[in-house]
Amino acid sequence: MINKILIANRGEIALRIMRSCREMGIKSVAVFSEADRKSKHVYYADEAYFIGPSPSNESYLKVDNIIEAAKKSGADAIHPGYGFLSENAAFSDRCKAEGIIFIGPTSEVISVMGDKISARKKMIDSGVLVVPGTKEDIKSDEDALRIVKMVGLPVMIKASAGGGGKGMRLVRHEKDIISGVRAAKSEALAAFGDDAVYVEKLVENPHHIEFQIVGDSHGNVVHLFERECSVQRRHQKVVEESPSPLMTPELREKMGTMAVTAAKAVNYVGAGTIEFLVDDELNYYFLEMNTRLQVEHPITEIVVGVDLVKAQIIVADGGYLPWNQQDLLQRGHSIETRIYAEDPFNNFMPSPGIIKHITEPLGPGIRHDGYIYAGYEIPIYYDPMISKLISWGSTRQEAIDRMKRALFNYKLSGVRTNIRYLHRIMESEDFASGNYNTGFIEKNADFLLADAENYKELEDLVMIASFLYFRKQTGNNDNQHKEECTQSNWNNYAKQIGVNRL
Amino acid sequence: MINKILIANRGEIALRIMRSCREMGIKSVAVFSEADRKSKHVYYADEAYFIGPSPSNESYLKVDNIIEAAKKSGADAIHPGYGFLSENAAFSDRCKAEGIIFIGPTSEVISVMGDKISARKKMIDSGVLVVPGTKEDIKSDEDALRIVKMVGLPVMIKASAGGGGKGMRLVRHEKDIISGVRAAKSEALAAFGDDAVYVEKLVENPHHIEFQIVGDSHGNVVHLFERECSVQRRHQKVVEESPSPLMTPELREKMGTMAVTAAKAVNYVGAGTIEFLVDDELNYYFLEMNTRLQVEHPITEIVVGVDLVKAQIIVADGGYLPWNQQDLLQRGHSIETRIYAEDPFNNFMPSPGIIKHITEPLGPGIRHDGYIYAGYEIPIYYDPMISKLISWGSTRQEAIDRMKRALFNYKLSGVRTNIRYLHRIMESEDFASGNYNTGFIEKNADFLLADAENYKELEDLVMIASFLYFRKQTGNNDNQHKEECTQSNWNNYAKQIGVNRL
Amino acid sequence: MKLDIKINERIATVEMIENTGKTFKIKVDDQIYEVDSKEVKDGVFSILNDNKSYLIDIISGSSNKNFEVVAWNKVFPVDIIDAEAKYLMSRGQGTTGDDENVISSPMPGKIVKIMVKKGDVLKAGDTVIVVSAMKMESEYKVKQDSTVQDILVSEGDTIEGHQPLVIVE
Amino acid sequence: MKLDIKINERIATVEMIENTGKTFKIKVDDQIYEVDSKEVKDGVFSILNDNKSYLIDIISGSSNKNFEVVAWNKVFPVDIIDAEAKYLMSRGQGTTGDDENVISSPMPGKIVKIMVKKGDVLKAGDTVIVVSAMKMESEYKVKQDSTVQDILVSEGDTIEGHQPLVIVE
């Protein structure tokens, strides 16, 4: 029985998890690094433990310190959030060994799905469609030529242990096959200590569509439909939506069933995501599985009407899935935009600093998952994401309208943000029409940074405000604030002679 | 075609309406009194017009000033919100005469439904169930005796022009009939200049359940299910929820159909609410109709997945209802609590003042419709409601859990609020079980104000924080803040010698 | 440093035992706490006591010895009792400077009606003045028989909270 | 009162014509505005110009003549140009005190690598230092041939934005 959960994370996701804990009557335990003492997750939690210096590898990635905090607090379970230790097989094992429930899959599942070749093999064996290619390591130049020709150009050579684009080569022409394979192997060896590479057919400008699944320890697995994640900058998701504008009911049914098959193939327990590549002809291929909660999970929560964190906790505790597949229905449309402390107009330079003012957009159809507050200093050590803005509408158009309204009214000063950039995405024709793929950001790069409007009047008023502000700061202030002074005299008077309510 | 709307209101409802305007690409025009220059609705709007001194009757109720602002701004339509001029037949007429669309019903409908006797007559003639009683003015003592005996004791004597409990008498015993009628008549004459009174059977400790309806100018009317509004203090709603815990599918079907019948009886165009009294045996009676948007409309929006303000604008503009009855479904459960600037522990004394800090609760399943901000001074002239907190859950229990979580994390300082009191309502057994009626607040009065918990440790820590704060204020501050000073020296140095990014 | 601090009826002695730089060792009456306290924004303290997390929001009152403190959505009225306050208390004036002869409203509002004029002789319970704020009217009465000494406001005036309205004796 | 104010490349003369108490008549270059301006909270101005509503948020920069102003989610860098600033500009130093001989990062971060040592002779485009913030590394290079005069930080140091890191000449 889970009564207390340590959240081995920080920022918005730590708060997100604590909210569900509180709703379930479960105590939450925060951990924090030196830079995070004033972070909201520390004072939002029921308890908080210091776990080390600011850099992640000395605190949030420090397994011993986290386990020690869990033991000291008497936590029954650890929720890893996303990032940090969430897909760390050794951490999952360690929790088990210490008698603490890890809210996530077993180390075996993490290992199988974390290695790309073993995941491919497992999926192929289970009848899941993968991008055409090999499921074996290329051992020789002969292998390379034979296999690439069989798969058909163009292809991607990928490192089995890969990640972050390393050990990856695009090969379009026959003459580049051998050099491409050799380069990928040597880069993979250098980066991961393992030169295993394999070949996949290149899917040109694909859609990135993922299915949410949840499984329990009683053999039940359901999917909660799709998320369209094709708006990416340098392989980082920027905007997600659900449903996908590309989807048809038939395709959804087929892909959903395949996602459940994939999860069942590894006896998956917990929340996970099956990522697919989908081409313009609606061919779809298993890409990889994320064995954790995704950043973009709220759009599924809103459209399907569920709480994924609660479901994670229930199944981790040995409980049954709270829903059958037929209970789950999509309603309306949801969009998430990720608010970053970065300056899109200066090459997306990160912008840590102190938040001066923040007015979070509220009202109908808006959910805002954040963690910052006025006066908070965004530290330099972690991800620049400061919040997630999520809109819901009865139609896709309404979800876009609401997102635009919320972005326009999200007032934040003190650090640079990408709020305007996100607004431009919503305004772009390709996004508005739903006709986009992973090439979206590149294709619309100029539009997204352009300044269409005429700001003459706004600029003049900015000057006027600055003029008045400077005038006030330097004391040349005529008779502003006189009212206030008059009023507060009453207070002093009241104090002096003493006051009583009868 | 509506392109610009003047919102003849203030506070949270003005913002609520402006949000929908912005989503529809419609410009919004604010009006403001002297006290409201710094109110958020002024700086949230596209345009803002000053309409007079702080007291409502010199500004927000001043028809000429509002019409003048509408003309000057070129607004096509006026949205009255709730309260103020929203149910003022003359204002509706005036808008029509000036060629401005009034977003609400015609003056005829407002008049018929605003007078309780004429509304009763209309409803009885249309086959709508009303509380048993007369539909005619009691002219004589003989009338009184005959009619009351026919209806059966106990009864309520009510002023036809009534409101706010004035001109109302409860009669339980035969001997009190004549004196009760006479007292009601003389009070009604004094209060409303009209001594017409009528008799209704007393429904003991009823439930107050209302149905949302919307009609268009093409003869279509739908209902959007019910709201349970029985948590009332002095006839003021405090908490509302949808669906009603009392409701059965059959009863919902019957009452919904009757609500549509009631609206069709007056050819209703716009959003309106049919209020019913329901007794413990599930007998239901038409009570009155509100010909405007209700404060508690968000719980319907969330459960049914609609935007009622957009629907109002569409039908006011001559458009068709955006839904058929069969499109409309309830999903999950929603609760609204009204946050007031008042002190429940001091006889609910209003608490205007300056907001020091505010942290609005966010996250899954929470909508917050508010208008205040840190530094804002809540004026003394208007309603003490500062925001509405709305939760959604897949079950009633989850909606309660989320409301509790949100109330706990709603951090507001500078004015007293009823947040704790609302939290106690959520904790009460009667509310938790859904087993309550309009007697709830009275029945639970002691529980709601009691302090069950032991605050020794919290109190000690409050003392410690006060100690540290006082120590800092008085300068006895050891070496706090030294870090910050060291760091900002760099800035000064950078400034002195000049800095450049290469 | 050592102070007497009052919350409602309770008065406790609060004493700094040690400032380790990381934590404060502070004694409240007989109990010693070792807390990690950080001011996350002006007047808002995040306190970790034995790893339990508290957020405490302090609002300055009408003097620098008088706070309104919000924690867990509960409001604590806090008074710092130093020598001056002790002296006043010993003279029976209390820390908030209560004075039954001054009639005031705890909330800002508008004077609706003044029921008395200078020199009127009043009986305990007589209504002196009616104040309206946020659609609610409150009547202020005298606690004991008295005479109206002075009326400091007029009908229609807008008033601050705690502003003296009528003086009686 | 009259000031020159700079936003990006534009410099305009802003002059107070009249303060009516309710509104300000202010001239920006040749255009006269009559605005109702209220500071709704510290540095945040609600401005009504011809009944159009604007919210303008001013953040003080590194000096009291240098602001970052946010309006419509757009950021405007604002410089107040007074006599002192004009003098500096006339000497070609600009208003922000740019100095090509001081290498710094506009953002706070951590020093990952220092590629040079005191006395090194550098060619234009040589990388001097690598700074990391929020998982992103940035390289800072010299714009012209120069010699390293001084290195003010060490690898692993945490730095402020605009803090001088390396001096070249």
Side-chain angles (χ1 to χ4, degrees), chain B residues 35 54-56 340-343 345-353 356-357 359 377-385 407-414 416-417 419-420 422-423 451 453 455-474 476 478-481, chain C residues 1 3 5-8 10 12 14-16 19 21 24 26 28-29 31 33 35 37-39 41-45 47 49-50 52 54-60 64-65 67-76 78-80 82 105-110 132-136 138 158-159 161:
Chain B
S54 304
S56 314
Y340 285 103
E342 66 182 17
D343 186 354
F345 302 95
N346 187 10
N347 198 27
F348 296 90
M349 172 91 68
S351 175
K356 193 187 165 210
H357 293 128
T359 303
E377 179 167 6
I378 299 177
I380 61 168
Y381 299 97
Y382 315 109
D383 193 271
M385 191 173 80
L407 287 167
F408 187 82
N409 288 303
Y410 194 154
K411 309 284 185 191
L412 182 63
S413 62
R416 303 288 174 107
T417 72
I419 292 175
R420 241 184 117 68
L422 295 168
H423 199 278
D451 244 350
E453 296 164 78
Y455 293 109
K456 167 73 168 70
E457 180 171 331
L458 183 62
E459 209 171 86
D460 282 4
L461 293 169
V462 165
M463 287 190 174
I464 287 174
S466 304
F467 177 89
L468 293 170
Y469 184 67
F470 181 73
R471 192 161 149 274
K472 181 189 133 195
Q473 300 294 86
T474 52
N476 190 342
D478 308 351
N479 41 15
Q480 279 191 304
H481 292 289
Chain C
M1 191 173 173
L3 288 170
I5 298 183
K6 179 168 175 283
I7 293 180
N8 295 321
R10 180 180 165 211
V14 183
E15 185 179 1
M16 175 74 74
N19 175 356
F24 298 102
I26 294 176
V28 179
D29 283 340
Q31 181 145 8
Y33 292 90
V35 298
S37 169
K38 293 277 181 232
E39 193 170 354
K41 54 182 162 177
D42 177 41
V44 181
F45 289 80
I47 292 188
N49 172 41
D50 201 14
K52 287 197 292 291
Y54 295 85
L55 193 70
I56 297 175
D57 188 348
I58 302 179
I59 300 119
S60 299
N64 71 341
K65 291 173 208 161
F67 312 130
E68 188 165 285
V69 182
V70 183
W72 288 2
N73 290 326
K74 199 172 150 60
V75 180
F76 297 87
V78 173
D79 291 301
I80 306 287
D82 57 4
S105 152
M107 59 175 183
K110 197 170 171 166
S132 144
M134 294 176 152
K135 298 178 168 177
M136 180 168 154
S138 307
T158 298
I159 56 160

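Naming: A, B, ... by sequence-line order, numbering from 1 per chain.
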If I measure from the heavy atoms of chain B, does C/V78 come under 4.5 Å with its side chain, its backbone, both, or neither?
side chain

Residue B/Y382 versus chain C: region with a heavy atom under 4.5 Å
backbone

Which residues pass the side-chain contact (heavy atoms from CB on, under 4.5 Å) test with B/S351, sequence neighbours left out?
B/V415, B/R416

Does any heavy atom of chain B fall under 4.5 Å from the side chain of C/K110, the backbone, both, or neither of them?
both

Parallel, tilted or perpendicular, as decided by the 30° and 60° cut-offs, for the rings of C/F67 and B/Y469:
perpendicular

Tell me, out of C/A133, C/P108, C/S138, who's got the most heavy-atom pairs with chain B below 4.5 Å.
C/P108

Interchain contact, B/I419 with chain C, by part (heavy-atom threshold 4.5 Å)
side chain

Report the option among C/V35, C/V44, C/V75 that has the most heavy-atom pairs separated by less than 4.5 Å from atoms of chain B.
C/V75

Is any side-chain heavy atom of C/F24 less than 4.5 Å from a side-chain heavy atom of B/R471?
yes

Below 4.5 Å from any heavy atom of chain B, which atoms of C/N8 appear? Answer side chain, backbone, both or neither.
neither

Between CG of B/L461 and NZ of C/K52, what distance do you get to the nearest 0.5 Å?
8.5 Å

How close do C/I56 and B/A465 get, counting heavy atoms only, and between which atoms?
CG2-CB, 3.7 Å

Under 4.5 Å to a heavy atom of chain C? For B/D343 that would be neither

Rounded to the nearest 0.5 Å, what separates atom CG in C/D82 from atom CZ in B/F470?
6.0 Å

Please determine, among B/E459, B/M385, B/H423, the option with the most heavy-atom pairs under 4.5 Å with chain C.
B/E459

Considering non-hydrogen atoms only, spot the tightest contact between B/E457 and C/Y54 and give its length.
OE2-OH, 2.6 Å

Hey, could you give me the OG1/CD1 distance between B/T474 and C/I80, rounded to the nearest 0.5 Å?
9.0 Å

Sort out for me which of C/I47, C/L55, C/D29 touches chain B most, counting heavy-atom pairs under 4.5 Å.
C/I47

Looking at every heavy atom in both B/S413 and C/I59, which two are closest together, and how far apart are they?
CB-CD1, 3.1 Å

Using side-chain heavy atoms (C-beta onward) and a distance below 4.5 Å, is C/D57 in contact with B/K411?
no

Shortest non-hydrogen separation from C/A71 to B/L458 and the atoms involved
CB-CD1, 3.9 Å

Flag side-chain contact, heavy atom, 4.5 Å: B/Q473 against C/N64:
no

Any heavy-atom pair between the side chains of B/M463 and C/V69 that's under 4.5 Å?
no

Taking the side chain from C/N73 and the backbone from B/L407, do they hold a donor-acceptor pair closer than 3.5 Å?
yes

Under a 4.5 Å heavy-atom cut-off, does chain C meet the side chain of B/P55, its backbone, both or neither?
side chain

Taking only residues two or more places apart in sequence, or in another chain, which ones meet B/Y381 in a side-chain hydrogen bond (donor to acceptor under 3.5 Å, both in side chains)?
C/T158

On a heavy-atom basis, which atom in B/R420 and which in C/W72 lie closest, and how many Å separate them?
NH1-O, 3.2 Å

Checking heavy atoms, do the side chain of B/F345, its backbone, both or neither come under 4.5 Å from chain C?
neither

Just by distance, do the side chain of B/K356 and the backbone of C/I58 share a donor-acceptor pair under 3.5 Å?
yes

Nearest non-hydrogen partners of B/F467 and C/E15, listed with the distance:
CZ-C, 4.3 Å

Measuring only between side-chain heavy atoms, which start at C-beta, is B/I464 closer than 4.5 Å to C/S37?
no

